[in-house]
Participant: 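Have a look at the structure that comes next, please.
Sequential numbering from 1 along the given sequence is applied to the chain's residues. The analysis underlying the following values was restricted to heavy atoms, covering all of them including side chains, and did not include hydrogens, waters or symmetry mates.
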Amino acid sequence: MLLVALSAKSQTNVSGVVTDGHEPLAGANVFIVGTIDGCLTDSLGRFSFKTTKKDEATLRVTYMGFDDYTQSITLSSSTNLTIRLHERATAIDEVIVTASTYSFGKSDNFKTMNALDVVMSGNSCGDVVAALQSLPGTQKVGEDGKLYVRGGESEECQTFVNGMHVLVPYSTNTENTAVRGRFSPFLFKGINFSLGGYSGEYGQALSAVLPMETTDMATSDKFGVSASLVDWNIGGTKVFNNSALSFNAALTSMGLYDRLFTQRQEFTRPYRKLSGEAQYKKEYNGRGILKSYVGYDLTSVGLHQDERHLNLIEHNIYANLTYKAPIGRGYTLFAGIANSTVFNNIDDAFTTGDHYRNFRNEVHLKTELRKVYNSTLKLQAGVEDYIRNSTLRFAPYCYNLDYNIFATHIDAQWRIVPKVFLNVSARMEMMERSCQFMPRATLSYIPNKQWQFSFVAGKYSQTTEDDILAQSNKSLHQSIAHHAILSMQFKSSSTLLRIEPYYKKYSSLPLLHQGIYQSDGYGTSKGVDVYLEDHSISSRLTITLAYSFNDSERFYMDYAMPCTPDFASRHNLRLTAKYSIGKFIIGIADSYATGRHFVNGITPHYNSLDVNLTYLLSPKIIVYSSMNNVLGRTNIFRYDAVGRGITSSRDRFFYIGIFVSLKNNKAYDISNF
């Protein structure tokens, strides 16, 4: 009894309350450092415990989502303490600013679209470019199928693989026929489509960038095949110690499809594309990763049109090599080289007997140094060089064009206060004797995990296309676009809503004046994009809405006066619904766009109702089918010089394919990469 009494007498009581400045915090851990003395706060934030420590001690309070609190206390006066915790600020390297960017795959725990979704999208038929056209800000230009973003031309959207530029990201086809993207969606772990306001890291793009990151190191061997009415594919991955080798081979041929289904064009040789891809990845004991990729496409098609027998053959080769590794003191080094080569041969291109021969090549060199200084500041700086050559042999006009674009950039991400983030970047590009300085900034307010508000502004430049640059003897300045974007986003576990008004101002566009191109063109593009994705009605049902309003005006190229460019439609709307029933997934999509302006008038509105059905035949086999433009509407894409309406080769397109994974327990994982 004496020992117990002495022990009780030697203990000191510590008590108080823990709050966030407004409300009590229940369940906070309060304890004396170096002891096991402590407790959790109750529902009112109160705590009380005894300690055998004497005189002075260090009190610590921890609570999830808040900064740890540490205070030296005098035990003789350690009762009725009032402790205020401060909400933990997000570290700068944890911030994901989504302004004007859409991510395919998982981004910040919100799954928007993965590789299989791209393949199974209502009218994509496995094409990344077609799947991207389901997003707001993109506009329907059915005669070529390329990406047109927020009133900009298709050339204003540039593609990057592992940070390296791709000169020609599309396959080729005959005029007035939609092309496809060159890359399989299964190659990439992340696709971040930015509709504007991108940082200084990316250049030579006036409207948008499509940065794609290849998959990480594979952990097991994979092998898969797929087959459909129009394409056949085989691919796999072999894993070694700290490295992996992947391959993919595909044959696309419209021969069988053209025999089964009628179409308007008279092909003398059906469209065919033979493509192969290979990728090698190696990790160096966690200190760095080397990635290499090479892809080759051979495309051919023959068409009888207007007394001509057009014959087209294209070779498209792309390869890159990148290395990223920490080099000490928190620095990370990135270095890369990429080469794009395109041979385009066309007989009877415009008139009977002519021969069009075009060679294009680009070498892209890039190195960057990145460092996270602390939880509030991250810096990135780099230099790069675009070395380009283009040769055209097309009587009577021929040229040989050589030039390079040297660029440097610096990018700083700074957390000003816990919920306010600033990204400031600057890019400088030098070509021939001209130099462009381009400041860019993004200010974001992220009050919580649901809401995000951003304002983006910046200046962007791009060299005009080679044909025009050669005609001007490289005297044209780079085209300029200024972006201003306001982004508002709400995100919950089942809903994503984004609203983005934007304004773009163009200057130094190529303008044909008395037969000579000059950098006197200009224009504007303004509008608003709305995107809604919802899973709240049912866990089996996903609904999306993408709407874009665009008001564009340009005075450039051979335009006689400022007017709406012929590739821009004022309203674009796409509604989709996807519902899962057991092993079936049913999808339906409706696309609508108002008419486009041409000299011969305004085209009728565009509308296409698409349906698709996916069936999981077994854990390793998926059967997919789709029908585009179910109602059979004849959509007029544009008018030619004599006023004829240009339509697609067929009103409907039916697709059925089977995807098989032969060495993995998932259905089409895809084994390719």
Side-chain angles (χ1 to χ4, degrees), residues 20 62-70 85-101 103 107-109 160 162-163 190 192 194 196-203 209 211 213 286-289 322-336 366-384 407-429 437-460 483-487 489 491:
D20 63 357
T62 62
Y63 190 74
M64 184 176 294
F66 287 78
D67 291 329
D68 293 350
Y69 176 90
T70 303
L85 298 187
H86 295 276
E87 188 174 354
R88 181 179 298 133
T90 304
I92 190 67
D93 57 348
E94 298 173 348
V95 176
I96 300 177
V97 176
T98 60
S100 213
T101 299
S103 298
S107 175
D108 197 21
N109 296 324
F160 296 82
N162 293 336
N192 298 299
S194 177
Y198 28 95
S199 68
E201 179 182 0
Y202 299 108
V209 293
E213 187 75 17
R287 298 295 299 170
I289 183 167
T322 62
Y323 180 71
K324 183 169 64 174
I327 57 175
R329 297 187 177 182
Y331 288 93
T332 300
L333 174 68
F334 172 87
K366 182 177 181 180
T367 182
E368 286 183 341
L369 199 61
R370 306 165 184 173
K371 180 176 174 61
V372 178
Y373 280 89
N374 48 48
S375 62
T376 63
L377 179 64
K378 179 168 68 173
L379 290 179
Q380 176 177 315
V383 295
E384 57 188 318
T408 180
H409 75 272
I410 185 169
D411 189 315
Q413 297 182 49
W414 177 34
R415 190 189 73 208
I416 303 176
V417 294
K419 298 178 180 180
V420 179
F421 303 87
L422 177 65
N423 184 306
V424 179
S425 62
R427 183 178 179 89
M428 182 177 291
E429 292 184 348
F437 177 73
M438 293 164 283
R440 305 169 185 180
T442 300
L443 181 64
S444 299
Y445 173 57
I446 308 177
N448 49 51
K449 293 183 178 181
Q450 285 75 42
W451 289 96
Q452 185 172 139
F453 303 90
S454 298
F455 177 73
V456 185
K459 181 181 178 181
Y460 304 84
H483 295 193
I485 304 166
L486 180 63
S487 177
Q489 176 178 290
K491 179 183 63 178

Participant: Give a yes or no on whether the backbone of Gly200 and the side-chain of Ser425 come within a donor-acceptor separation of less than 3.5 Å.
Facilitator: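 Looks like yes, one N/O pair under 3.5 Å.
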
Participant: Indicate yes or no for a side-chain donor-acceptor contact from Thr332 to the backbone of Leu369 under 3.5 Å, with no hydrogens or angles considered.
Facilitator: no

Participant: Indicate the atoms forming the closest heavy-atom contact of Ser487 with Ser100, along with that distance.
Facilitator: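 Scanning both residues, the minimum pair turns out to be OG-N, 4.2 Å.
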
Participant: Run the ring-ring contact (aromatic ring centres under 6.0 Å, His included) test against Tyr63 and tell me which residues pass, sequence neighbours left out.
Facilitator: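 Scan of Tyr63 (ring-ring contact (aromatic ring centres under 6.0 Å, His included), adjacent residues dropped) gives Phe66.
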
Participant: What's the shortest heavy-atom distance between Gly197 and Ile485, and which atoms?
Facilitator: N-CD1, 3.8 Å

Participant: With a 3.5 Å distance limit and no angle check, can you tell me whether Thr408 reaches the backbone of Gly382 through a side-chain donor-acceptor pair?
Facilitator: yes

Participant: How far apart are the closest heavy atoms of Ala99 and Val456, and which atoms are they?
Facilitator: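 Closest approach of Ala99 to Val456: CB-CG2, 3.9 Å.
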
Participant: If you round to the nearest 0.5 Å, how far is CH2 of Trp451 from CD1 of Ile446?
Facilitator: 14.0 Å

Participant: Quick one: CG on Leu422 to CD on Gln413, what's the gap to the nearest 0.5 Å?
Facilitator: 10.0 Å

Participant: Give me the one residue out of Gln380, Glu429, Met428 that meets side chain to side chain contact (heavy atoms under 4.5 Å, CB included) with His409.
Facilitator: Gln380

Participant: Given side chains that start at C-beta, do those of Thr62 and Asp68 come closer than 4.5 Å, heavy atoms only?
Facilitator: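 A side-chain contact under 4.5 Å exists here.
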
Participant: Got a sec, which residues hit side chain to side chain donor-acceptor pair (under 3.5 Å) with Lys459, two or more places apart in sequence or on another chain?
Facilitator: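 Result, side chain to side chain donor-acceptor pair (under 3.5 Å) vs Lys459: Gln436.
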
Participant: Measuring from atom CZ of Arg370 to atom NZ of Lys324, what distance do you get when rounded to the nearest 0.5 angstrom?
Facilitator: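 Taking CZ in Arg370 and NZ in Lys324, the distance rounds to 5.5 Å.
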
Participant: Under the rule for side chain to side chain donor-acceptor pair (under 3.5 Å), what residues qualify as partners of Thr70, not counting sequence neighbours?
Facilitator: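 In terms of side chain to side chain donor-acceptor pair (under 3.5 Å), with neighbours along the sequence ignored, Thr70 is linked to Arg60.
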
Participant: Between OH of Tyr323 and CG of Leu333, what distance do you get to the nearest 0.5 Å?
Facilitator: 8.0 Å

Participant: If you round to the nearest 0.5 Å, how far is CZ of Arg415 from CG of Asn423?
Facilitator: 15.0 Å

Participant: With side chains defined as the heavy atoms from C-beta onward, is the minimum distance between Arg427 and Tyr460 less than 4.5 Å?
Facilitator: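 With C-beta onward as the side chain, the pair stays apart.
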
Participant: Please report the interatomic distance CZ(Phe334) to CG(Asn162), rounded to the nearest 0.5 Å.
Facilitator: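 Reported to 0.5 Å precision, the distance equals 7.0 Å.
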
Participant: Which residues satisfy the side chain to side chain donor-acceptor pair (under 3.5 Å) test with Ser194, sequence neighbours excluded?
Facilitator: none

Participant: Please report the C-alpha distance between Arg440 and Tyr198 in whole Å, then the side-chain angles of each, then the deciding distance to 0.1 Å, and finally whether the side-chain contact (heavy atoms from CB on, under 4.5 Å) criterion is met.
Facilitator: CA-CA 8 Å; Arg440 305 169 185 180; Tyr198 28 95; 4.2 Å; yes

Participant: Going by the rule ring-ring contact (aromatic ring centres under 6.0 Å, His included), which residues pair with Tyr445 if we only count those two or more places apart in sequence or in a different chain?
Facilitator: none

Participant: Which residues pass the side chain to side chain donor-acceptor pair (under 3.5 Å) test with Ser199, not counting sequence neighbours?
Facilitator: Asp411

Participant: Do Asp67 and Leu85 have side chains that get closer than 4.5 Å, going by heavy atoms?
Facilitator: no

Participant: Flag this pair as yes if the NZ/CZ of Lys371 is under 6.0 angstrom from the six-membered ring centre of Tyr331 and inside a 45 degree cone about the axis; otherwise no.
Facilitator: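 Yes, Lys371 sits over the ring of Tyr331.
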
